[in-house]
Structures are given as C-alpha cells and as structure tokens.
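Inspection log for the structure reproduced underneath, given as structure tokens.
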Amino acid sequence: GNGDGQGQILQRFPEKDWEDNPFPQGIELFCQPSGWQLFTERNPPTFFVAVLTDINSERHYCACFTFWEAVESAQPQSHPSNGEEEEEEEEEESSSSPVQPAQLFAPKSLVLVSRLDHAEVFRNSLGLIYTIYVDGLSVSLENVIGNLLTCTIPITGGAQ
C-alpha cells in the first residue's frame, strides 16, 4: 500500500481500567500525530510529553517514546502492467531475478500516562523499558513496570 496505517495497542498496564483513572481513549492516535506511516530508513527514537485534560479538567501527562522497527514485507514488489508486452517482460524478470522489496520501518511507541508532571522520570523510565526490549533481556516487562511504579515510604521514626 501507501505505507499509511492505524495504531494498535499491543499491551497495556494495568490491563483493566481503574475507576478513578480510566485508560485514555484514542491514545494510539495521539502517539503519532502525523499518522502511522512506514519509512524506508530507521529514524532515531523520539520523546515528547503532552498534557491531556479530561472532562473534569484534570490534567494527564502523556509521555511518548517512539522508536522504529524493521517490518517484514509479506508481498513482493510488483509493477503495474498496462499491456501484454509489459506482462511478458514482467514474467521474464520474475523468473530470472525477483525484485526485492525495500526494507521498511514501522513506528512503535511506549506511552506513560500520569497525573504527575515529571518529564525526566518519564523519559528515564521509558528509556529503560526500551533498552530491555531492544536488548532482548530475559526480564518480565510486568516486573520491570511493577518495580518502576512501586516505592516504599519509610514510617516516620521507624526502620527504613
């Protein structure tokens, strides 16, 4: 096709909405404001934070880290044919040397939604998740995210 597509949520944490903090609808559109397009070159990762305001005027800070992954082409590249002569040429070409499709790269986004405004913490957290994913480390993403979101607050005057 023309390389345009639609975003798809592959995984989310938590898996179900929390009553006081529902999952933002249409977040996949927000991640790629100029559309989900394939590129012939791998672009460097990008990061941005935007503020979404809900119906109750509460702010939600959305940090988006986007990187590009190589995609496998399912179909060989074809040439449009206008007549019999071109069809015969195409058959000869395909039998002797098939046309290899160009390598394409698709965007993939990691998104963190928070009511707190801590852009540098968001960047570092998403960067860590990205590194674990790209390096193929045998660490459960669920555990990593759980550890990132958990903090222990010491009791005043008690043991740490």
Side-chain angles (χ1 to χ4, degrees), residues 1-78 99-160:
N2 60 3
D4 291 334
Q6 292 184 331
Q8 178 182 356
I9 298 169
L10 301 176
Q11 195 171 15
R12 66 174 261 197
F13 301 98
E15 291 180 0
K16 296 185 179 174
D17 284 353
W18 290 346
E19 188 177 314
D20 63 336
N21 196 14
F23 191 75
Q25 296 300 312
I27 195 80
E28 65 277 6
L29 300 173
F30 163 79
C31 296
Q32 292 294 318
S34 56
W36 292 90
Q37 300 173 0
L38 299 177
F39 292 89
T40 55
E41 295 180 3
R42 184 185 306 266
N43 294 325
T46 60
F47 175 81
F48 68 89
V49 177
V51 181
L52 301 179
T53 306
D54 66 17
I55 196 165
N56 298 324
S57 298
E58 292 183 25
R59 292 181 176 191
H60 299 269
Y61 297 90
C62 297
C64 186
F65 183 96
T66 300
F67 57 100
W68 280 259
E69 285 190 316
V71 292
E72 296 295 323
S73 179
Q75 300 175 3
Q77 213 170 11
S78 62
V99 176
Q100 295 296 321
Q103 178 69 57
L104 295 175
F105 298 90
K108 186 173 255 189
S109 297
L110 302 171
V111 181
L112 191 149
V113 181
S114 174
R115 290 188 183 170
L116 306 174
D117 183 10
H118 297 292
E120 198 59 32
V121 172
F122 300 158
R123 179 192 304 266
N124 293 339
S125 298
L126 293 174
L128 176 64
I129 294 168
Y130 167 72
T131 301
I132 290 169
Y133 176 78
V134 168
D135 290 347
L137 301 178
S138 60
V139 178
S140 162
L141 282 180
E142 290 86 351
N143 287 340
V144 171
I145 292 168
N147 288 332
L148 287 172
L149 297 177
T150 304
C151 66
T152 304
I153 302 172
I155 300 171
T156 306
Q160 293 203 4

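Small disclaimer: the values here were computed from a predicted structure and weren't measured. Below, all heavy atoms of this structure are taken into account, side chains as well, without hydrogens, waters or symmetry copies.
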Side-chain polar contacts of residues 48-61 - donor-acceptor pairs under 3.5 angstrom, sequence neighbours left out - could you list them?
| from | atom 1 | to | atom 2 | distance (Å) |
| --- | --- | --- | --- | --- |
| Asp54 | OD1 | Asn56 | N | 2.9 |
| Asp54 | OD1 | Ser57 | N | 3.2 |
| Asp54 | OD1 | Glu58 | N | 2.8 |
| Asp54 | OD2 | His60 | NE2 | 3.0 |

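- For the side-chain hydrogen bond (donor to acceptor under 3.5 Å, both in side chains) test, residues two or more places apart in sequence or in another chain that qualify with Asp17 are Arg12.
- Using a 4.5 Å cut-off on side-chain heavy atoms (C-beta onward), Val121 and Leu116 make no contact.
- With Trp36 contributing its side chain and Glu28 its backbone, the two residues share a donor-acceptor pair below 3.5 Å.
- Pro107 and Gln37 make their closest contact through CD-O, 3.2 Å (heavy atoms, listed as atom of the first residue, atom of the second, distance).
- What you find for Gln103 and Ala70 is that their closest heavy atoms are NE2-CB, 3.2 Å.
- Across every non-hydrogen atom of Ser109 and Thr66, the tightest pair is OG-OG1, 2.8 Å.
- Residue Phe65 holds its CZ atom at 7.5 Å from OG1 of Thr46, rounded to the nearest 0.5 Å.
- No side-chain heavy atom of Cys62 sits less than 4.5 Å from a side-chain heavy atom of Phe122.
- The aromatic rings of Trp68 and Phe39 stand perpendicular to each other, their planes meeting at an angle above 60°, with 30° marking the opposite boundary.
- Side-chain atoms of Phe67 and Leu110, non-hydrogen and from C-beta on, do get closer than 4.5 Å to each other.
- The list of side-chain hydrogen bond (donor to acceptor under 3.5 Å, both in side chains) pairs with a residue in residues 122-140, not counting sequence neighbours, reads Glu69-Tyr133, Lys108-Tyr133, Ser140-Glu142.
- Interatomic distance, Ile145 CD1 to Ile129 CD1, rounded to the nearest 0.5 Å: 4.5 Å.
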